[in-house]
Q: 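There's a structure below that I have some questions on.
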Amino acid sequence: MTSVPSGNAARVTAPTGQGVGPLLRAWREQRRVSQLELALRADSSARHISFIETGRSRPSEEMVLRLAEHLEVPVRERNALLLAAGYAPRYPETPLDDPALDALRAGMEQLIQGYEPYPALVVDAMYNVHAANRGILMLLDDIPEHLLQPPLNAMRLTLHPDGLAPRIRNLREWRGHLLAQMQRQIALHRSEPLRELYEEVAAYPVPEDVPGAEPEEPVPYFALPMQIEHEGRVLSFISSISTFNTPMDVTVAELAIETLLPADPATVKYLQSLLP
């Protein structure tokens, strides 16, 4: 695995308001959950939820965490809710290079190395690349140096007109997929830095289609592939993203391992011959 320096994870800006009530109300409204529905999920009452949101009642630490869980509040923002309610943060934010995460890093290294020759990488909530295997580095051949400066960002690399974009044969479809994915993440995390990144990459001009070799026979894909040209060949990949279950650390909660699964036999054969 090749480690890549990266920037900080996304920092989330919460709505302004006095205490935890307005914050919880904002998350509830964003999730489109009524007070009654939330109360039923959290084994409480709509009256109690109303009192918490208006500041008439101070929720216990357990109640804050229970409501956050049922509203699918990201781990980073659960800390913000606890602080707003007058409690200490529950979830640490351990730097990825901290010795406490040695076992985690080793596990991720083994995972993406074992995935070779197929591409795999580790990104954070801002799509900054923390690690990549040889399959990814192969796709980055001849990328201009200015796009490879840290923090290396997967969205910029993919959509920038000087990056992978001119090589992606179905760029308009793949670009739409990536931008929709970012929009879902923005809705989930309410991250202003992520929104700024989205606005940046969405404004990139779409290069003209690059001519190249087409597959000899059409392949029935089971999901939208990324079709990218490499040394005169068109490779097809299906993206899969894995995250950690029940993370108890902000850093770990915001990590994702993206793997690119070959979508046709020709891609399998080519990669196996290129990266034995």
Side-chain angles (χ1 to χ4, degrees), residues 1-14 20 23 27 59-116 118-137 148-157 181-182 184-186 188-194 197 239-260:
M1 180 180 73
T2 301
S3 296
V4 184
S6 63
N8 294 330
R11 294 182 180 178
V12 180
T13 56
V20 70
L23 299 180
W27 282 110
S60 66
E61 182 179 10
E62 178 186 1
M63 176 59 76
V64 172
L65 292 172
R66 193 188 315 164
L67 294 176
E69 178 180 359
H70 288 292
L71 290 172
E72 298 181 349
V73 176
V75 171
R76 180 184 294 274
E77 290 309 292
R78 297 186 191 194
N79 280 342
L81 289 173
L82 288 169
L83 284 170
Y87 303 109
R90 173 69 65 92
Y91 306 97
E93 185 174 359
T94 309
L96 193 55
D97 59 358
D98 191 286
L101 297 183
D102 282 350
L104 176 73
R105 290 197 310 275
M108 291 191 298
E109 288 174 8
Q110 184 177 13
L111 183 60
I112 68 173
Q113 282 179 345
Y115 199 69
E116 292 178 352
Y118 310 140
L121 69 163
V122 179
V123 298
D124 62 23
M126 279 291 292
Y127 296 96
N128 291 321
V129 180
H130 288 264
N133 68 5
R134 291 187 301 160
I136 289 291
L137 298 182
L148 299 177
Q149 296 298 317
L152 193 65
N153 187 274
M155 286 296 178
R156 291 192 182 99
L157 278 172
Q181 175 180 304
M182 294 184 74
R184 289 193 296 270
Q185 291 300 106
I186 291 168
L188 176 63
H189 294 282
R190 291 209 303 245
S191 168
E192 188 58 35
L194 186 57
L197 176 63
S239 172
S240 174
I241 298 177
S242 303
T243 57
F244 293 93
N245 286 333
T246 61
M248 300 299 292
D249 185 282
V250 174
T251 299
V252 177
E254 294 179 346
L255 290 176
I257 300 172
E258 181 169 8
T259 53
L260 297 179

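Not measured: the values here are computed from a predicted model. Just so it is clear, the values below take in all heavy atoms, side chains as well, and ignore hydrogens, waters and symmetry mates.
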Q: Please lay out, stage by stage, how Asn133 and Gln113 fare under the test side chain to side chain contact (heavy atoms under 4.5 Å, CB included).
A: CA-CA 6 Å; Asn133 68 5; Gln113 282 179 345; 5.6 Å; no
Q: As a quick check of understanding, evaluate side chain to side chain contact (heavy atoms under 4.5 Å, CB included) for Leu96 and Leu255, giving each step before the final call.
A: CA-CA 10 Å; Leu96 193 55; Leu255 290 176; 3.8 Å; yes
Q: Between Ser191 and Gln185, do the side chains contain a donor N or O and an acceptor N or O under 3.5 Å apart?
A: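 Note: Gln185 and Ser191 side chains miss the donor-acceptor criterion.
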Q: Grab the two heavy atoms, one from Leu23 and one from Ala84, that are nearest each other, plus how far apart they are.
A: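 Distance-wise, the nearest heavy atoms are CD1-CB, 3.6 Å.
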Q: Which atom pair, heavy atoms only, marks the closest approach of Ile241 to Ala256?
A: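 Looking at all heavy atoms of both residues, the shortest contact is CG2-CB, 3.8 Å.
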Q: Taking salt bridge (Lys or Arg N to Asp or Glu O under 4.0 Å) as the definition, give me every residue that meets it alongside Glu61, ordered by chain and number, with sequence neighbours left out.
A: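 Glu61: salt bridge (Lys or Arg N to Asp or Glu O under 4.0 Å) contacts with Arg90.
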Q: With Gln181, which residues qualify under side-chain hydrogen bond (donor to acceptor under 3.5 Å, both in side chains), at least two apart?
A: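 By the side-chain hydrogen bond (donor to acceptor under 3.5 Å, both in side chains) rule, Gln181 matches Tyr127.
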Q: Can you tell me how far apart OG1 (Thr246) and CD (Glu69) are? Round to the nearest 0.5 Å.
A: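 Going from OG1 on Thr246 over to CD on Glu69, the span is 10.0 Å.
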Q: Please identify each residue that fulfils side chain to side chain contact (heavy atoms under 4.5 Å, CB included) with Pro95, with sequence neighbours left out.
A: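 With neighbours one apart ignored, the set is Asp97, Asp98.
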Q: Indicate yes or no: at least one non-hydrogen side-chain atom of Leu67 is less than 4.5 angstrom from one of Leu65.
A: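 They are not in side-chain contact.
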Q: Closest heavy-atom contact between Ala120 and Ile136?
A: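 Looks like O-CG1, 3.3 Å.
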Q: List the residues meeting side-chain hydrogen bond (donor to acceptor under 3.5 Å, both in side chains) with Asp102, not counting sequence neighbours, and say none if there are none.
A: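 If we apply the side-chain hydrogen bond (donor to acceptor under 3.5 Å, both in side chains) test to Asp102, skipping adjacent residues, the hits are Arg105.
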Q: Considering only heavy atoms from C-beta outward, does the side chain of Leu152 approach that of Asn128 to under 4.5 Å?
A: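 No, too far: nothing below the 4.5 Å cut-off.
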Q: Enter the distance from Thr251:OG1 to Asp124:CG here, rounded to the nearest 0.5 Å.
A: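 Result: 9.0 Å between the selected atoms.
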Q: For the residue pair Met126 and Pro193, establish whether any side-chain heavy-atom pair is separated by less than 4.5 Å.
A: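 Touching, per the 4.5 Å side-chain cut-off.
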Q: Please report the closest heavy-atom contact between Trp27 and Pro74, naming both atoms and the distance.
A: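 Taking Trp27 first and Pro74 second, the nearest heavy atoms are CH2-CD, 3.7 Å.
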Q: Side chain to side chain contact (heavy atoms under 4.5 Å, CB included), that's the test. Do Leu111 and Ile257 meet it? Break it down for me.
A: CA-CA 9 Å; Leu111 183 60; Ile257 300 172; 3.5 Å; yes
Q: What are the two closest non-hydrogen atoms of Phe244 and Pro247, and how far apart are they?
A: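 For Phe244 versus Pro247, the nearest heavy atoms are O-CD, 3.4 Å.
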Q: Any chance you could lay out the side chain to side chain contact (heavy atoms under 4.5 Å, CB included) test for Thr259 and Tyr115, step after step, and finish with the verdict?
A: CA-CA 8 Å; Thr259 53; Tyr115 199 69; 3.6 Å; yes
Q: Quick one: CD on Glu258 to OG on Ser239, what's the gap to the nearest 0.5 Å?
A: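 Between atom CD of Glu258 and atom OG of Ser239 there are 3.5 Å.
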Q: Quick check for you: to the nearest 0.5 Å, what is the distance between Glu77 atom CD and Leu83 atom CG?
A: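 Spacing of CD (Glu77) from CG (Leu83) equals 10.5 Å.
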Q: For residues Val250 and Tyr91, report the shortest heavy-atom separation together with the two atoms involved.
A: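 Smallest interatomic distance, heavy atoms only, reads CG2-O, 4.0 Å.
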Q: Could you tell me if the side chain of Val64 sits less than 4.5 Å from the side chain of Pro59, heavy atoms only?
A: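 Of all side-chain heavy-atom pairs linking Val64 with Pro59, at least one is under 4.5 Å.
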Q: Taking side chain as C-beta onward, heavy atoms only, is Asn153 less than 4.5 Å from Leu197?
A: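 Yes - at least one pair of side-chain heavy atoms lies under 4.5 Å apart.
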Q: Let me confirm one number: the CD-CG distance from Glu254 to Asp249, rounded to the nearest 0.5 Å.
A: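 These two atoms lie 9.5 Å from each other.
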Q: Is there a side-chain contact between Arg76 and Glu93, using heavy atoms and a 4.5 Å cut-off?
A: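 Yes, close enough: below the 4.5 Å cut-off.
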Q: Who passes side chain to side chain contact (heavy atoms under 4.5 Å, CB included) against Ala68, sequence neighbours left out?
A: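 Counting only residues at least two positions away or on another chain, Ala68 forms a side chain to side chain contact (heavy atoms under 4.5 Å, CB included) with Val73, Arg78, Leu81.
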Q: Look at atom CD of Gln149 and say whether more than 12 heavy atoms of other residues, nucleotides or ligands are closer to it than 6.0 Å.
A: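 Counting other residues, nucleotides and ligands, CD of Gln149 exceeds 12 neighbours.
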Q: Apply side chain to side chain contact (heavy atoms under 4.5 Å, CB included) to Ile186 and list each qualifying residue two or more places apart in sequence or on a separate chain.
A: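 Leu194, Arg195, Tyr198.
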